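Predicted model, so just to flag it, every value in this text is computed and none were measured. When reading the values below, keep in mind they use all heavy atoms of this one structure, side chains included, and skip hydrogens, waters and symmetry mates.
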Amino acid sequence: MVFETNIFSELLKNFGSKSVYYWRTKSKQEVDFIVKGKNQVIPIEAKISSNQFRQEGIKSFLKKYQPQNWYIIELEGKKITTIIFFLGS
């Protein structure tokens with residue numbers, strides 16, 4: 001949870017509170033963060049380990065909204081995978 005909170009904080013700093021969302025369906029499919037840009041939405045999963053990643057939520061989102069890009073940000077041991085992207089204003 002602390003890892004996700006840190007990712008959320010960084011997303012807010014970079015994109016603002018009006019551009020960062022959480023997505024969850026009635027059947028409890030979820031995506032940790034949705035970043036809304038000018039002409040696109042980008043789903044982002046934040047996981048400490050790739051072993052924690054469950055595909056159901058992201059697959060559901062991809063099927064419904066068909067975004068061009070999606071990301072998994074993960075921290076495994078001492079190695080951090082960093083994703084940097086630009087959405088435009």
Side chains of Phe53 and Glu74: does their closest heavy-atom pair fall under 4.5 Å?
-> no
Note: Gly57 and Trp23 closest approach over all heavy atoms is O-CZ3, 3.6 Å
Please report the shortest heavy-atom distance between Pro43 and Asn69, naming the atom on each side.
-> CD-O, 3.4 Å
Can you measure from [atom1] ([X]) to [atom2] ([Y]) and round to the nearest 0.5 angstrom?
X: Arg54; Y: Lys47; atom1: CZ; atom2: NZ; result: 8.5 Å
X: Asp32; Y: Ile73; atom1: CG; atom2: CD1; result: 9.5 Å
X: Lys36; Y: Ile42; atom1: NZ; atom2: CD1; result: 13.0 Å
X: Gln55; Y: Ile72; atom1: CD; atom2: CD1; result: 8.0 Å
X: Ser9; Y: Asn14; atom1: OG; atom2: CG; result: 9.5 Å
X: Ile7; Y: Leu12; atom1: CD1; atom2: CG; result: 11.5 Å

Mind listing the side-chain donor-acceptor pairs of residues 60-67 below 3.5 Å, one per line with the distance, residues two or more places apart or on another chain?
none

When you check the gap from the basic side-chain N to the acidic O, do Glu56 and Lys59 get nearer than 4.0 Å?
-> no
